[in-house]
A.B. asks: 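If you scroll down you'll find the structure; I have some questions about it.
Remember, it's 1-based here, ligands and their atoms both numbered in the order they're listed.
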Amino acid sequence: MTKQVTARAHTNIALIKYWGKENVALNIPTTSSLSMTLDQFYTTTTVEFTDKATDELILNSVSTDSTRISKFLDCFREKHGDFPKVLVTSENHVPTAAGLASSASSFSALTGAMFGLLDLPQDTQEMSRMARKGSGSASRSIFGNFAVWNKGNDDESSFAESFYDDDIHLTMIVAEISSAQKKMSSTKGMQLAQTAPTYPEWVRKSADQLEQMKAAIVAKDIEKIGLIAQDNALGMHEQNRRSLEPFDYFTTQTIEVVEFAKQCYREGLLAFVTIDAGPNVKIITDKATEQKLLQKFRSNFPDLTFEVAHAGECLRYV
Ligand code: DP6
């Protein structure tokens with residue numbers, strides 16, 4: 001029987017963002033970043049060798065363009081010697097409507113599966129390095145709970161590692177906001193953001209915020225975590241608006257949700273936001289507050305869908 005290996009990895013949401021590359025080909029970032037892996041959203045990927053002429057991708061039962069994953073598999077071929085073409089069968093349990101990046105869980109799961117198929121040592125540092133080449137944020141999805149991707153300055157030194165492997169009762173409520181706009185990819189978006197005159201300042205500030213964030217996680221201080229994450233994310237989006245070709249992922253509803261979260265915080269509830277390369281808002285709170293906050297958001301935004309997520313587990317074989 002043909003050898004098949006299946007791995008599962010979860011998405012992660014950065015509390016300190018990766019938004020810029022020092023080396024585009026290798027995905028070496030301009031900043032170190034820190035994320036929480038989520039329990040709710042994940043990708044399950046099976047790999048096996050095939051005698052077909054090209055690598056193949058079947059995503060959610062549909063044959064899909066395999067150019068990006070084939071380029072990624074070539075990184076394995078370069079490093080570990082040539083091998084036959086690969087059939088990749090992937091199930092994405094990341095609601096596309098939620099606009100959550102699935103590249104993190106996808107490339108992390110594919111990395112794990114390929115390590116199994118090629119019988120490579122289960123070295124999470126090396127897995128993270130490889131996943132990074134597929135998509136930067138995937139370097140962090142190898143790990144559960146909280147991971148830090150140390151930016152490094154070359155292929156060898158740029159990888160993520162577990163920072164705090166425990167659930168600190170942080171909740172993320174994902175507010176799904178749809179957008180009519182054509183989506184700007186993260187890769188392109190960050191390239192533009194780097195042209196903002198204020199970008200170097202955001203990078204400098206991010207290094208300080210990372211240290212403050214680490215301390216806040218260890219102290220399980222959700223308020224501090226939320227305040228720092230919110231400032232870091234809003235700063236990231238400000239670079240997009242100040243770039244040489246200004247653009248914005250926010251829609252009117254994004255702004256309304258952000259403002260409502262700020263109002264809830266003024267009223268004494270733990271409520272903060274973080275936003276990635278799309279219009280959706282992830283509301284940061286704690287487990288004790290989540291139901292109350294969810295109710296407030298649901299009654300204020302009856303048209304929106306909300307999903308509740310907590311800390312999730314690391315990459316594993318299934
Ligand atoms: C806003 O990892 O999708 O989610 O490396 O070009 O594939 P590429 O980018 P990607 O960017 C993620 C950006 C972000 C912030 C973050 O996850 O840190």
A.B. asks: Could you walk me through whether Thr37 and Thr11 satisfy the side-chain contact (heavy atoms from CB on, under 4.5 Å) test, starting with their C-alpha distance in whole Å, then the side-chain angles of each, then the deciding distance to 0.1 Å, before giving a yes or no?
C.D. replies: CA-CA 6 Å; Thr37 300; Thr11 54; over 6 Å; no
A.B. asks: Tell me, please, whether Phe250 has Arg241 positioned over its six-membered ring: NZ or CZ under 6.0 Å from the ring centre and within 45 degrees of its axis?
C.D. replies: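 Relative to the ring axis of Phe250, which defines the angle, Arg241 lies inside both limits.
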A.B. asks: After noting the C-alpha distance and the side-chain angles of Thr285 and Ile222, does the key distance pass the side-chain contact (heavy atoms from CB on, under 4.5 Å) rule?
C.D. replies: CA-CA 7 Å; Thr285 187; Ile222 307 285; 5.9 Å; no
A.B. asks: Mind checking what residues have non-hydrogen atoms under 4.0 angstrom from ligand 1?
C.D. replies: Ala14, Lys17, Tyr18, Trp19, Lys21, Asn27, Arg68, Ser103, Ser135, Gly136, Ser137, Arg140, Ser186, Thr187, Met190, Met236, Asp276, Ala277
A.B. asks: In chain order, what residues pass the ring pair (Phe, Tyr, Trp, His ring centres under 6.0 Å) check against His93, with sequence neighbours excluded?
C.D. replies: Tyr42
A.B. asks: Phe247 vs Tyr249 aromatic rings, parallel, tilted or perpendicular, using cut-offs 30° and 60°?
C.D. replies: perpendicular
A.B. asks: Check the pair Ser141 / Asn12 against side chain to side chain donor-acceptor pair (under 3.5 Å), numbers first and verdict last.
C.D. replies: CA-CA 6 Å; Ser141 269; Asn12 69 76; 2.9 Å; yes
